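Chain letters run A, B, ... following the sequence lines, proteins first, then strands; residues in each count from 1. Values in this document were obtained by computation on a predicted structure and should not be read as measured data.
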Amino acid sequence: MSTIDMLQHILFEFSVYEAAHNAPYKARAYQSAAETVSQHADDLETLWKAQGIKGLKELPGIGTAIAEKIDEFFRTGRIASYRTMKQAFPVDSARLSTLEGLGPKHIFTLWQKLKIKNLSDLEHALQHKKIAQLPGFGEASQARLARALHLKRAASGRPALGFILPIAEELVAHLTRLPDVTRSAYGGSIRRRQETVGDIDLIATSNHPIRVMEAFVHFPEVDSVIEQGPTRTLVRLHNGLDADLRVVPDQVFGATLLYFTGSKQHNILLRERALKRGYTLNEYGLFKGKKLLACAHEEEIYTRLGLDMPPPELRVGGEELLAAEHHALPDLLPYGSVRGDLQVQTNWTDGSDSIEQMARAARTNRLSYMAVTDHTKALTFIHGLHEREVTKQGKEIDRLNKKYTIKTHARLLHGTECDILRDGTLDLNNATLSALDWVGVSVHTSLELEATDMTKRIVKALSNPNIDCFFHPTSRRIGRREPCAMDMDEVLATAKKFRVALEIDATPDRSDLNDLHVRSAIRAGVPLVIDSDAHSPDHFRFLNFGEGIARRGWATKTDIMNTKTLTQLRAWLEKKRPRPQWTA
DNA sequence: GCCGTTTTCGGCCCGACTGTTTTCAGTCG
């Protein structure tokens, strides 16, 4: 667990403790502080180092008491009052809370009556049927907890957005086809383009909600029904994910979409803002007393509240509302802005298709240029290229660029995805690298290095004057591999100094850089690119997910280098070093 | 515990559904 994760975990456990002890407002305070900490995972410690407690208190939801706790945590690595609390309530409440349907009150009862501290204790108690007799529980609760625990044990974490979005789109299409449905949409983390998805939130509008719900629970994707009512129905899909459907009259679509898009914290802040102005906001509209003020479109609700409308990707419940109030929302990079893909693998190494086929597919996806970036020789198991083969590949690229025009094939750049070796040296010699149009480097081996060694390794590599881009900087794979440990601030400073772009790798389970890194990179003045890391022709569609990550990181078009035309990109690159092999 | 163009004290988002209740507490989004 990283330092920040630990801090977030502690704040969350305080929140559970307070909620269990009938202090809902304290609980909320801790929870929103935990939220703020996770939003500032990347720059919290930097902020603390620079400005101390005073700086922390500037953040939303962090006042004197919590700022002092965070200060103590960074100074000493622990928090005295947390230890005291844990002595009284030595329960892994954060982990227990991840079970569907188990909240603070029940966690506390489990501890008081049965001394249940963690998931294993709970499993044991369930096996011996001890839960049903507890006050506030019953046979149904016992069975539900057993199911939740089983599901938790079976699940391997939240799936990446890229795998779930197509399913959400399919469900929306099913709903839209129902005769009783006027409109349908997905909301939630999917609409906000969060990198992973916990469940699928759906909205439909209809005058016959009960019929719609009845049709919904019989969709082929549905495994079982968890809750079913006339306005809200929750089902579990065969893939293990939950889908939550709200059905409302068509005229309140905007209010419901706003509510169901979230984030939860964003909604809370909006509703508080409404209250201060004498309004109430719910999923049916913005009201003054019983009078309906706005409900048809999201934008009119924001306008009534004196706000510009933040795009869904920014709705985390933090700075976006301040920016919305001061007409300072960023002009986010529009979807479809990327003009060229700068990381593509072909069948020269581990890609499935030829350079020619990939260039055609890129063009079909409306890209006008594409860098061929096959792996290098350190990756023996996929026959990474040696210097001589790299040179030979250049000749093939020249040939194809002469043979085809932009009408049918993307313009090809000769590039590489050169391995950064364990000691920070590169897997191709400088003569070969300097002859390339585009040089990307990345880490594929010795991923487990300590942060100091990994940072040194990366800094050394990025200092090479031939390097243009650092591909998938943390090398994480969602659900399979943690990000490499490194000092991201130092990596950013190095990238800035040597004018190396950092990549947003849009392959769904990579999503690397993530949104927080993107924001830090932009603040640090580091150029970015968005690549699909395509290994087959149908991977170019991933670029859309990369654009989503960039938008969540508040990126505008000027922050992303491959939104430039090829001519502009070339001019930008040549400021660093001449490109001898460039084929215009 | 946090917060302030009503406020430094007294508020704190809101509705739906389930289960264990006999009018509501707990949980969720």
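Contacts of Pro135(A) with the nucleic acid, taken as non-hydrogen atoms under 4.0 Å apart, are absent. Pro24(A) comes within 4.0 angstrom of nothing in the nucleic acid, heavy atoms only. Using a 4.0 Å heavy-atom cutoff across all strands shown, Asp201(A) reaches sugar-phosphate atoms only and no base atom. Using a 4.0 Å heavy-atom cutoff across all strands shown, Leu102(A) reaches sugar-phosphate atoms only and no base atom. Within the 4.0 angstrom heavy-atom criterion, only backbone atoms of the sugar-phosphate kind lie near Ile62(A); the bases stay farther away. Within the nucleic acid shown, Thr64(A) comes within 4.0 Å of sugar-phosphate atoms alone, with no base atom in reach, counting heavy atoms only. Residue Glu18(A) is classed as having no contact, given no heavy-atom separation below 4.0 Å to the nucleic acid. Residue-level contact check: Glu139(A) touches the backbone only, with heavy atoms under 4.0 Å from sugar-phosphate atoms and none from bases. Within the nucleic acid shown, Leu11(A) has no heavy atom closer than 4.0 Å to any nucleic acid atom. The residue Tyr30(A) sits close only to the backbone: its heavy atoms come under 4.0 Å of sugar-phosphate atoms, none of a base. Note on Gly262(A): nothing from the nucleic acid sits closer than 4.0 angstrom, heavy atoms only. When heavy atoms are screened at a 4.0 angstrom cut-off, Ile268(A) is found touching base atoms of the nucleic acid. The residue Arg246(A) sits close only to the backbone: its heavy atoms come under 4.0 Å of sugar-phosphate atoms, none of a base.
Checked against a 6.0 Å centroid threshold, the rings of Phe14(A) and Tyr82(A) count as neighbours. Residues His297(A) and Phe253(A) keep their aromatic ring centres 6.0 Å or farther apart. In this structure, Phe12(A) has its ring center no closer than 6.0 Å to that of His9(A).
Taken residue by residue, residues 297-318 of chain A places no heavy atom nearer than 4.0 Å to DNA chain B.
Between Glu283(A) and Arg232(A), none of the side-chain N atoms (NZ, or NE/NH1/NH2) sits under 4.0 Å from a carboxylate O, so this pair counts as no salt bridge. A salt bridge is absent between Arg519(A) and Asp42(A); no separation between the charged side-chain nitrogens and carboxylate oxygens falls under 4.0 Å. Using a cut-off of 4.0 Å between Lys/Arg side-chain N and Asp/Glu carboxylate O, Glu13(A) and Arg95(A) are scored as not salt-bridged. With salt bridges taken as basic N to acidic carboxylate O contacts below 4.0 Å, none links Arg236(A) and Asp223(A). A salt bridge links Asp533(A) and Arg510(A); the closest N-O separation between the charged side-chain nitrogens and carboxylate oxygens is under 4.0 Å.
Atom C1' of dT21(B) sits at a distance of 9 Å from the matching atom of dA25(B), rounded to the whole Å. For the P atom pair drawn from dC17(B) and dC12(B), the interatomic distance equals 25 Å after rounding to whole Å. Annotation: dT23(B) and dG19(B) have their C1' atoms spaced 13 Å apart (nearest Å). Using atom C1' as the reference point in both dC14(B) and dC9(B), the two lie 25 Å apart (nearest Å). Using atom P as the reference point in both dG4(B) and dT8(B), the two lie 13 Å apart (nearest Å). If you take atom P in dT20(B) and the same atom in dT27(B), they sit 13 Å apart, rounded to whole Å. Straight-line distance between the C1' atoms of dG1(B) and dT5(B): roughly 24 Å, to the nearest whole Å.
Nearest-nucleotide positions on DNA chain B place Lys276(A) closer to the 5' end than the other of Gly229(A) and Lys276(A). Heavy-atom distances to DNA chain B give each of Lys264(A) and Gly278(A) a nearest nucleotide, and the one nearer the 5′ end belongs to Gly278(A).
Summarising the geometry, the separation between NZ on Lys105(A) and C1' on dC28(B) is reported as 15 Å, rounded to the nearest angstrom. The interatomic distance linking Asp242(A) (CG) with dT18(B) (C1') rounds to 15 Å, in whole Å. If you take CD of Gln194(A) and P of dG29(B), they are 13 Å apart, rounded to a whole angstrom. The distance from atom CD of Glu227(A) to atom P of dC28(B) is 10 Å, rounded to the nearest whole Å. Distance, Tyr259(A) OH to dC28(B) C1': 8 Å, rounded to whole Å. Tyr279(A) places its OH atom 12 Å from the P atom of dT6(B), with the value rounded to the nearest Å. In this entry the distance linking CZ of Phe137(A) with P of dT18(B) reads 19 Å, nearest Å. Whole-Å rounding puts the Leu275(A) CG to dT6(B) C1' distance at 13 Å.
Taking every side-chain heavy atom of Thr280(A) into account, dC14(B) is the closest of dT27(B), dC14(B), dC12(B). Side-chain proximity of Glu272(A) to dG1(B), dC14(B), dC12(B): nearest is dC12(B). Here dG15(B) is the nucleotide among dG26(B), dT18(B), dG15(B) with the atom lying nearest to any side-chain atom of Glu283(A). Of the candidate nucleotides dC14(B), dC17(B), dT20(B), dC14(B) has the atom lying nearest to any side-chain atom of Arg271(A).
Donor-acceptor pairing under 3.5 Å is lacking for the side chains of Arg147(A) and His150(A).
Judged by a 6.0 Å distance limit and a 45° cone about the ring axis, Arg191(A) is not positioned over the six-membered ring of Tyr186(A).
A close approach under 4.0 Å does occur between a side-chain nitrogen or oxygen of Tyr284(A) and OP1 or OP2 of dA16(B). For Ser141(A) and dT20(B), the shortest distance from a side-chain N or O to OP1 or OP2 is below 4.0 Å. Taking only side-chain nitrogens and oxygens, Thr231(A) comes nearer than 4.0 Å to OP1 or OP2 of dC17(B).
Nucleotide dT8(B) has no partner under the Watson-Crick or G-U criteria, as no pair reaches both atom distances under 3.5 Å.
Ring geometry for His106(A) against Phe137(A) counts as tilted: the plane angle lies between 30° and 60°, on a 0 to 90° scale.
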